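Presented below is the structure to which this report refers.
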Amino acid sequence: MIVDRYYVQRLTEQVFLIRERLSSDGEPGSNDRIVRSFDIRQDAYMYVDSVNDKQRNLDEHFGHWAQSPI
């Protein structure tokens, strides 16, 4: 199973962090890089879907996790 590189972490009721997975084992880690934050949940999920789509396209052309779209 391929794991998305970016994911949403809910920090508080109104703060959602976009984080970049540092490993491909599928588990979020405390050392995962914070990419950006949102105060609207839907915006955070739309953003993470977009960057994961871009990352999949890069992976197809250059190899798994070769580059970052951000």
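Predicted model, so just to flag it, every value in this text is computed and none were measured.
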task = Write down the atom of N52, the atom of R5, and the distance for their closest heavy-atom approach.
result = OD1-N, 3.2 Å
ask   = Taking C-beta and beyond as the side chain, do D32 and E20 meet within less than 4.5 Å on heavy atoms?
value = no
query = In Å, rounded to the nearest 0.5 Å, how long is the span from OH of Y6 to CZ of R36?
reply = 13.0 Å
query = Do R56 and D53 meet the salt-bridge criterion of a basic N to acidic O distance under 4.0 Å?
reply = yes
message = For R41, is the CZ atom crowded, meaning more than 12 foreign heavy atoms sit under 6.0 Å from it?
response = no
message = Treating D39 as the side-chain partner and Q14 as the backbone partner, does any N or O pair qualify as donor plus acceptor under 3.5 Å?
response = no
query = In a check of side chain to side chain contact (heavy atoms under 4.5 Å, CB included) between V8 and each of D49, D43, I18, which one passes?
reply = I18
ask   = Out of curiosity, does V35 fall in the hydrophobic cluster containing Y45 (side-chain heavy atoms, cut-off under 4.5 Å, transitive links)?
value = yes
request  = Under the ring pair (Phe, Tyr, Trp, His ring centres under 6.0 Å) rule, collect the residues that match up with F38, sequence neighbours excluded.
outcome  = Y47
query = Which distance, rounded to the nearest 0.5 Å, do you find between the CZ of R19 and the OG of S30?
reply = 7.5 Å
ask   = Can we say R21 and D4 salt-bridge, meaning some charged N sits less than 4.0 Å from an Asp/Glu carboxylate O?
value = no
ask   = Do F16 and M46 share a hydrophobic cluster, counting only Ile, Leu, Val, Met, Phe, Trp and Tyr and linking them when any side-chain heavy atoms are less than 4.5 Å apart?
value = no
